[in-house]
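These notes concern the structure reproduced below.
Bear in mind the structure is a predicted one, so any value in this text is a computation, not a measurement.
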Amino acid sequence: MEDDAPVIYGLEFQARALTPQTAETDAIRFLVGTQSLRYDNQIHIIDFDDENNIINKNVLLHQVGEIWHISASPADKGVLATCYNKTSDGKVVTCAAVWRMPKELESGSHESPDDSSSNTQTLELLCHLDNTAHGNMACVMWEPMGDGKKIISLADNNILLWDLQESSTKAVLSSSAALEGKGQLRFTSGRWSPHHNCTQIATANDTTVRGWDTRSMRQIYSIENAHGQLVRDLDFNPNKQYYLASCGDDCKVKFWDTRNVTEPVKTLEEHSH
């Protein structure tokens with residue numbers, strides 16, 4: 001390893017969920033959620049010290065289940081949301097909740113990766129996003145430029161807009177929309193655009209990408225067969241409005257101009273799986 005390469009450490013369990021903590025402006029920080037069927041799952045708070053080229057971490061217990069999606073509040077660096085599996089009446093269901101990390105961890109850590117495991121702390125549950133009527137949660141999106149009080153969750157074929165009240169300890173459903181039609185009517189992912197006064201989101205279901213207006217909860221564009229197979233993820237260009245990227249199980253990454261979605265602006269085909 002080169003002298004100036006950052007220290008790399010392993011997670012105890014496998015992980016699929018990762019998010020940057022954008023509310024933290026003084027540090028480079030990411031949150032990683034683990035997936036373990038047998039043990040309590042964890043959220044790793046990972047800080048990159050770019051002056052000394054060191055990775056520091058803290059571990060929080062997430063005792064309710066495997067983490068499939070994680071997102072951090074854009075306004076409060078101590079608050080995050082997870083989508084996680086739990087067993088209910090013999091069935092596995094995916095739920096969502098909003099959490100607060102301990103106050104002393106909000107400003108970051110300067111521990112070495114080796115000695116943090118003995119200092120594990122637990123998240124404080126703020127509220128559940130009650131999904132019993134709406135199905136399995138795929139992801140939770142925060143309003144990008146907001147005060148951390150508006151979030152959207154995707155559950156099966158439903159888009160649910162929530163208002164967080166009473167210091168985020170209560171989630172009130174303010175509006176919703178349902179996906180209708182043929183095929184696999186289940187959202188796989190979504191992203192809230194930081195442009196247009198945060199009034200647009202994009203969602204993926206099966207091979208289709210759709211745009212929605214959060215004020216009317218109506219569809220504003222649809223890209224049928226955006227990918228040859230399932231669309232896995234989406235993201236907006238934070239610096240250029242109208243530009244959206246998508247990736248799918250067809251191993252392609254595509255860039256779209258949402259004003260004209262008949263053809264992608266660019267397609268990357270370098271990935272092999």
field: Connected-component partners of Val253 among ILVMFWY, side-chain separation under 4.5 Å
entry: Phe255, Leu268
- prompt: Which other residues belong to the hydrophobic cluster containing Phe13, where Ile, Leu, Val, Met, Phe, Trp and Tyr are joined when side-chain heavy atoms lie under 4.5 Å apart, directly or via other members?
  reply: Tyr39
- prompt: Any side-chain hydrogen bond (donor to acceptor under 3.5 Å, both in side chains) pairs touching residues 137-149, not counting sequence neighbours?
  reply: Ser71-Trp142
field: Any pair counted as side-chain hydrogen bond (donor to acceptor under 3.5 Å, both in side chains), so long as it reaches residues 255-268, sequence neighbours left out
entry: Ser246-Trp256, Asp257-Arg259, Asn260-Thr262
Matching residue for His227 among Asp206, Thr208, Asp250 - test: side chain to side chain contact (heavy atoms under 4.5 Å, CB included): Asp250
Is there a donor-acceptor pair under 3.5 Å between the side chain of [X] and the backbone N or O of [Y]?
X: Trp68; Y: Asn85; result: no
X: Ser175; Y: Leu161; result: no
X: Gln165; Y: Ser167; result: no
X: Thr188; Y: Val231; result: yes
X: Thr122; Y: Leu61; result: no

query: For the residue pair Leu18 and Ile70, what are the closest heavy atoms and their distance?
result: N-CG2, 3.6 Å
statement: Minimal heavy-atom distance between Gly146 and Ala75, with the atoms involved, is O-CB, 3.8 Å
Connected via hydrophobic side-chain network under 4.5 Å: [X] and [Y]:
X: Leu179; Y: Val209; value: no
X: Leu234; Y: Ile152; value: no
X: Leu164; Y: Val172; value: no
X: Trp99; Y: Leu60; value: yes
X: Tyr242; Y: Ile223; value: no

- prompt: Can the ring centroids of His62 and Tyr84 be said to lie less than 6.0 angstrom from one another?
  reply: yes
- prompt: Got more than 12 heavy atoms from elsewhere within 6.0 Å of CG, Asn197?
  reply: no
- prompt: What pairs with Cys83 under side-chain contact (heavy atoms from CB on, under 4.5 Å), at least two apart in sequence or on another chain?
  reply: His69, Thr94, Ala96, Met137, Val140
- request: Identify, with sequence neighbours excluded, every residue that meets side-chain contact (heavy atoms from CB on, under 4.5 Å) alongside Pro20.
  value: Thr22, Phe30
message: Just so I know, are the side chains of Asp156 and Arg186 near enough to count as touching, which here means a heavy-atom distance under 4.5 Å?
response: yes
- request: Using a 4.5 Å cut-off on heavy atoms from C-beta on, say whether the side chain of Thr82 contacts that of Leu123.
  value: no
task: Answer yes or no: is there an ion pair linking Asp47 with Lys57, defined by an N-O contact shorter than 4.0 Å?
output: no
task: Answer yes when Asp213 and Arg218 have at least one side-chain N-carboxylate O distance shorter than 4.0 Å, and no when they do not.
output: no
message: Using 30° and 60° as the class boundaries, would you call the ring planes of Phe187 and Trp212 parallel, tilted or perpendicular?
response: perpendicular
- request: Report the distance from atom CG of Asp235 to atom SG of Cys247, rounding to the nearest 0.5 Å.
  value: 9.5 Å
